[in-house]
Amino acid sequence: MTRRLQGLKIGIALGAGSARGWSHIGVLQALDAAGIRADVVCGTSIGALVGAVYADDRLADLDRWVTDLTWLKVMGFFDVSFGGGLLKGARLISHLRENFFDKDIARLARVFAAVATDLRSGEEVWLREGNVADAVRASIALPGLFEPWERGGRILVDGGLVNPVPVSLCRALGANFVIAVDLSSRLVGPAIRPVEAEHPAQEMPNMLDVVTTSLHIMSARITRSRLAGEPADVVVMPRLGHLGQLDYHRAREAIEEGREATALLTPQIERLLRA
């Protein structure tokens, strides 16, 4: 039975995390199975992509698509760019627009918004209107990987630079009970580890790994700071340390981790909703 207690408006804030973001699908599936459905859906980066599909009640379609992805299929979406990022993102967004996002945000079944970052000013940008595909494309524009996206005279990049888990946006859109999904758990160690001379040198990562991992380290630190100042009512933290930032072909593992992490917290969420 859906929990819609008097005066309660449930929001879900889906965080940034590249390929680890497929775990959002499992989180949402587990919440739906428990009858806990969001009125407000906000996402940053991959969280915006999954959130937009969920807000349109098409999560099952996304599940089928991502679990069918192979490494070769993923590579087929990678259109090399010589501009502001390694990839143009045109192939991916064209597929998403054609199959999932060819509509206006106002026509989605639930209230939805995405977070992006203004590259020139560094401001946090809330995308609450206009075409869904354009909003998602702006929010997923990971610097160094995807080319920035121009919208309304602004050059926009990944929202994870400023608000990796958009609890504040959920609150601003009227949610008074927010479930946050933090994908940065166990990705960054708690302290600096000293270099031990007797350990042999490890193989150096490639440029793409350096860029994406560095951005995720930064995102993890920002997430901790923002969640401390803008706390959610519940934070779901799937265990995703074994998945790489570009492991989009490992969706089944990520989805299952999302389901398991949410199942553990479901009794707590239900108690809080009844309180």
Side-chain angles (χ1 to χ4, degrees), residues 11-28 38 40-52 54-55 85 112-119 121-128 135-146 148-149 156-173 175 178-190 210-241 243-248 254 257-258 261-262:
I12 187 157
L14 303 176
S18 297
R20 297 177 178 117
W22 295 147
S23 64
H24 289 315
I25 297 173
V27 171
L28 294 167
V40 176
V41 184
C42 297
T44 296
S45 195
I46 190 70
L49 191 162
V50 177
Y54 176 69
F112 170 76
V115 179
T117 304
D118 188 314
L119 186 62
S121 68
E123 294 177 331
E124 180 177 339
V125 179
W126 291 353
L127 304 171
R128 295 177 286 179
V136 170
R137 175 63 181 83
S139 189
I140 67 172
L142 190 68
L145 183 60
F146 285 111
W149 186 252
L156 302 178
V157 293
D158 196 298
L161 297 177
V162 289
N163 195 353
V165 185
V167 174
S168 56
L169 181 50
C170 281
R171 302 279 190 203
L173 293 179
V178 178
I179 302 169
V181 185
D182 176 12
L183 305 182
S184 68
S185 174
R186 298 176 178 84
L187 298 184
V188 180
V210 171
V211 171
T212 56
T213 301
S214 297
L215 288 169
H216 281 294
I217 290 172
M218 178 187 67
S219 178
R221 301 300 187 190
I222 296 171
T223 296
R224 292 177 185 177
S225 176
R226 293 211 58 158
L227 286 178
E230 302 160 350
D233 295 277
V234 176
V235 181
V236 181
M237 296 185 291
R239 300 171 64 94
L240 302 166
L243 295 177
Q245 289 88 355
L246 300 179
D247 283 344
Y248 292 100
E257 291 292 343
T262 307

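By convention here, the first residue in the shown sequence is residue 1.
For the atom pair OG of Ser168 and CZ of Arg226, the computed distance is 4.5 Å after rounding to the nearest 0.5 Å. One finds the OG1 atom of Thr223 at 11.5 Å from the CE atom of Met237 (value rounded to the nearest 0.5 Å). Between atom CD of residue Glu124 and atom OG1 of residue Thr117 there is a gap of 7.5 Å, rounded to the nearest 0.5 Å. Atom SG of Cys170 and atom CG of Asp233 lie 10.5 Å apart (nearest 0.5 Å). The line from CH2 of Trp149 to CG of Asp158 is 15.0 Å long, rounded to the nearest 0.5 Å.
Taking all atoms of both residues into account, the shortest heavy-atom contact from Val165 to Ala180 is CG1-CB, 3.7 Å. What you find for Ala141 and Leu156 is that their closest heavy atoms are CB-O, 4.0 Å. The two residues Ser23 and Pro238 come nearest to each other via the heavy atoms OG-CG, 4.0 Å. In terms of heavy-atom proximity, Ile140 sits nearest to Ile46 at CG2-N, 4.1 Å. Scanning both residues, Leu183 and Gly21, for their nearest heavy atoms gives CD1-CA, 3.5 Å. Residues Leu14 and Val181 approach most closely at CD2-CG2, 3.7 Å, considering heavy atoms.
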Are Trp22 and Leu49 close enough, and set up right, to give a side-chain contact (heavy atoms from CB on, under 4.5 Å), and what steps lead you there?
-> CA-CA 10 Å; Trp22 295 147; Leu49 191 162; 4.2 Å; yes
Residue pair Arg128, Leu173: steps toward the side-chain contact (heavy atoms from CB on, under 4.5 Å) verdict = CA-CA 10 Å; Arg128 295 177 286 179; Leu173 293 179; 3.7 Å; yes
Going through the distances and angles, do Ile179 and Thr262 end up as a side-chain contact (heavy atoms from CB on, under 4.5 Å)?
-> CA-CA 10 Å; Ile179 302 169; Thr262 307; over 6 Å; no
Begin with the C-alpha distance, continue with both residues' side-chain angles, and end with the deciding distance and a verdict on side-chain contact (heavy atoms from CB on, under 4.5 Å) for Val50 and Ile25.
-> CA-CA 7 Å; Val50 177; Ile25 297 173; 4.0 Å; yes
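For the side chain to side chain contact (heavy atoms under 4.5 Å, CB included) with Ile12, the lone residue among Leu28, Val234, Val178 that qualifies is Leu28.
A distance-only check finds a donor-acceptor pair linking the side chain of His24 to the backbone of Gly15 [under 3.5 Å]. Using a distance-only test at 3.5 Å, with no hydrogens or angles considered, a donor-acceptor pair links the side chain of Arg20 to the main chain of Leu243. With hydrogens and angles disregarded, a donor-acceptor distance shorter than 3.5 Å links the side chain of Ser139 to the backbone of Val115.
Under the 3.5 Å distance criterion, with hydrogens and angles disregarded, no donor-acceptor pair is assigned to the side chains of Asn163 and Thr44.
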